[in-house]
Number of protein chains: 4
Amino acid sequence: MKYRRILDAAVEVIAERGYFHSPVNAIARRAGVADGTIYLYFKSKDEVLRAAIDMAFDQFSRQMEEAFETLRGPREQLEYIAQAHMDRHASMAIHMQREVRPFLGESSQRHLAKYIEMVREVIRRGQQEGVFRRDMSDEVVAHFMFGVMDELLSSAVFAGLEGEDMAGQVVDVLFRGIGA
Amino acid sequence: MKYRRILDAAVEVIAERGYFHSPVNAIARRAGVADGTIYLYFKSKDEVLRAAIDMAFDQFSRQMEEAFETLRGPREQLEYIAQAHMDRHASMAIHMQREVRPFLGESSQRHLAKYIEMVREVIRRGQQEGVFRRDMSDEVVAHFMFGVMDELLSSAVFAGLEGEDMAGQVVDVLFRGIGA
Amino acid sequence: MKYRRILDAAVEVIAERGYFHSPVNAIARRAGVADGTIYLYFKSKDEVLRAAIDMAFDQFSRQMEEAFETLRGPREQLEYIAQAHMDRHASMAIHMQREVRPFLGESSQRHLAKYIEMVREVIRRGQQEGVFRRDMSDEVVAHFMFGVMDELLSSAVFAGLEGEDMAGQVVDVLFRGIGA
Amino acid sequence: MKYRRILDAAVEVIAERGYFHSPVNAIARRAGVADGTIYLYFKSKDEVLRAAIDMAFDQFSRQMEEAFETLRGPREQLEYIAQAHMDRHASMAIHMQREVRPFLGESSQRHLAKYIEMVREVIRRGQQEGVFRRDMSDEVVAHFMFGVMDELLSSAVFAGLEGEDMAGQVVDVLFRGIGA
DNA sequence: TATGAATGAGACTTCATTCAT
DNA sequence: CATGAATGAAGTCTCATTCAT
């Protein structure tokens, strides 16, 4: 379906060139549709971006919720989040909201907030279960986690860190750091 | 001096609205100069951004080098870096390179690389001195640190975390996480 | 087709006001299109000028080549060139390259060179056939001819010489002047 | 005196780069004065150009009038005009009016008209004296002469015709062409 | 639905001109 | 008289968006 083709093309093109260097016609070309067609499915270019980010986060959320039904321990859950975040394709759109936070407004905030909230819950439960230290703000820890993952992800592109098991190292440091 | 006024205005405006939503005339207005005046001091809009980032990183580097002459322990040094990074004004420009990494090219890379290298050295020395674990890539840890700081910084604006001693918490977690 | 409308409008406007006093929006208005439309057909304003000049010279060349198949005598050929050059519409674009020679670079040179070369051949053949004097540089004579025609053309606009058979007089003088 | 320095600088710079590619500050730099100084002597950039052209033509006219007091024959006079026109420095400003005719308006016209008138008189007198043919418009002949000279002059720069005695050839052709 | 030529607002930049020193 | 930093109008060009087909 074209709706999806456009979204995927947008993610690809924007990931390569950045949002503001990605003219609508470039997205259209990549999607194999005419420029005007995009406006049959989306109200504006911003809307395409918004939808792409929405899609990525929603998918991410769903993936987590599903996994958490069988993965119950805080440690396992954090590990899973890190692993999933590191998966390049899924997270490219998540990463995109960086470039775009200043003007995408509450939509962008909302998704990030949801990601953060998800992590906070894991942390809080870990704290209740006595697995994690209690002397730390769960909010700070959650941003902490998101920040590391996102930076490693984007640096990987430039710095050639692709080989390393980054998610593993991150979780390892984090656990020691916040473990009780 | 106008040069400085323009640079400061640019950092302010871009921090608020993002580089690509910051027309030159907005920067000019904020700086209290005419549009054309900017081009007496900078060759192009890109050049303003580049100069702002250069300035911020250079200042940051100098501050570190100075401080490290009396602060010798890896722990103290990391703490100092975190503290300095968290200082809003100084780091806003550092943060800006995020939005802009894809097209600012090597200039942007170089600065980040220098920051990373600085942290890596601290880590490596800590590993040699037996203060830090040896089973981790110092490069990953350095990006780790940068990522956390930058995310916390940018989230602070939105999430109202301003009160918390974020730098302190970061360093605390990091030390436990990578301590030997 | 818009491509042609724009080219014609450009020639008209530039002929009236000069290239550098012809903002793109004036050309667009004359062509009855929006400013941006011009950039669908031409990469830049310079490109419009270049294309206009190209078109005029090409048309001129083709016209000559065609005519020369039946017009074999040097005298007839020169007469034909003069006549064609004098035709206002066709030659306006040829005239334009004057204003613009310094910065249109080799494209402009090339066309003029071709015109000159065409005349030189006629002259040289005339010299071989003994119709023209041999003690003159054919290159000088060719520029000679081009210069006269172009000046008469541009003066005609201002000086109201429109009525006179200028081409005829020119060729007459030229023949007596260079005739053997 | 600065007035003169500015005028000379203007002619030099404009001859090299064309009027519209000659920013005022380039003329100022060449003249060794500040930008603003130019406006103490001239009302506008156009005025500088106008004055430069005025100066060149006036000088040219004076030179002719002077010479014509001893040079009485039509042939000698035409020869002298051609020779003087060909002198590079003197004629550069004359040549400049080409680029600029469309918008310099009557001032430019007037000078050219004067040049033309001067030649026409020579021609007319030649016709009366029976030296020149009577079946030609003296106006056409005058433009004829101006056009050739100007083209040869400007082509010389590009085509490397510098060596040839162009003025001589021109006059030679012209005489045969219009001689009785 | 789909197209893509056309639009025009708005961005960046240049440069003639002014004016406080 | 002289300076040159500053101004801002105007120019070129891009690109999100529309609409006739």
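Just so it is clear: chains get the letters A, B, ... in the order the sequence lines come, proteins before strands, and each one is counted from 1. Just so you know, these numbers come straight off a predicted model, no measurement behind them.
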**Q** Does Glu12(C) pair with Arg17(C) as a salt bridge, N-O distance under 4.0 Å?
**A** no

**Q** Does the pair Arg62(C)/Asp58(C) count as a salt bridge with the N-to-O cut at 4.0 Å?
**A** no

**Q** Nearest-nucleotide wise, let me know which of Ser44(C) and Asp35(B) is further upstream toward the 5' end of DNA chain F.
**A** Asp35(B)

**Q** Looking only at side-chain N and O atoms, does Thr37(D) come under 4.0 Å of OP1 or OP2 in dT3(F)?
**A** yes

**Q** Establish, yes or no, whether a centroid distance under 6.0 Å links the rings of Tyr3(D) and Phe42(D).
**A** yes

**Q** Measure from CD1 on Ile6(A) to C1' on dT1(E) and round the result to the nearest Å.
**A** 12 Å

**Q** Of Gly32(B) and Ser22(C), whose closest DNA chain F nucleotide lies nearer the 5' terminus?
**A** Gly32(B)

**Q** Over how many whole Å does the gap from Phe42(A) atom CZ to dT1(E) atom P extend?
**A** 13 Å

**Q** Output the rounded distance in Å from CD1 (Ile38(A)) to P (dT1(E)).
**A** 16 Å

**Q** Side chain of Lys45(A) only, heavy atoms from C-beta on: which candidate in dA16(E), dT17(F), dG11(F) is closest?
**A** dT17(F)

**Q** Starting at the 5' end of DNA chain E, what dot-bracket string do you get if Watson-Crick and G-U pairs under 3.5 Å are bracketed, crossing pairs use [ ], other-strand pairs use | and unpaired bases use dots?
**A** .||||||||||||||||||||

**Q** Which nucleotide, dA16(E), dA11(E), dT17(F), lies nearest any side-chain atom of Asn25(B)?
**A** dA11(E)

**Q** Of the candidate nucleotides dT3(E), dA16(E), dA6(F), which contains the atom at the shortest distance from the side chain of Tyr39(D)?
**A** dA16(E)

**Q** Between Arg50(C) and Asp54(C) (salt bridge meaning N to carboxylate O under 4.0 Å), is one present in this structure?
**A** no

**Q** In whole angstroms, how far is the C1' atom of dC13(F) from the CG atom of Asp46(C)?
**A** 12 Å

**Q** Picking from dA16(F), dC12(E), dT17(E), which would you name as closest to the side chain of Pro23(A)?
**A** dA16(F)

**Q** Taking the six-membered ring for Trp, are the ring centroids of Phe146(D) and His85(D) within less than 6.0 Å of each other?
**A** yes

**Q** Checking contacts here: which listed nucleotide (dA6(E), dC15(E), dT13(E)) is nearest the side-chain heavy atoms of Leu40(C)?
**A** dA6(E)

**Q** Rounded to the Å, how far apart are Tyr19(A) OH and dA16(F) P?
**A** 8 Å

**Q** Any donor and acceptor pair, going by atom type alone, linking the side chain of Lys2(A) with main-chain N or O of Gly32(A) inside 3.5 Å?
**A** no

**Q** Please determine, for the side chain of Tyr41(D), which listed nucleotide (dC1(F), dT17(F), dT17(E)) has the closest atom?
**A** dC1(F)

**Q** Run the ring pair (Phe, Tyr, Trp, His ring centres under 6.0 Å) test against Tyr41(B) and tell me which residues pass, sequence neighbours left out.
**A** none

**Q** On DNA chain E, check which nucleotide each of Gly36(C) and Lys2(A) is closest to and give me the residue with the more 5' one.
**A** Lys2(A)

**Q** What integer distance in Å separates Phe20(B):CZ from dA16(F):P?
**A** 12 Å

**Q** Between dC13(F) atom C1' and His21(A) atom NE2, what is the distance in whole Å?
**A** 14 Å

**Q** For Tyr39(B), which residues count as a ring pair (Phe, Tyr, Trp, His ring centres under 6.0 Å) partner, sequence neighbours excluded?
**A** none

**Q** Let me know the distance between CG of Leu49(B) and C1' of dT13(E), rounded to the nearest Å.
**A** 17 Å

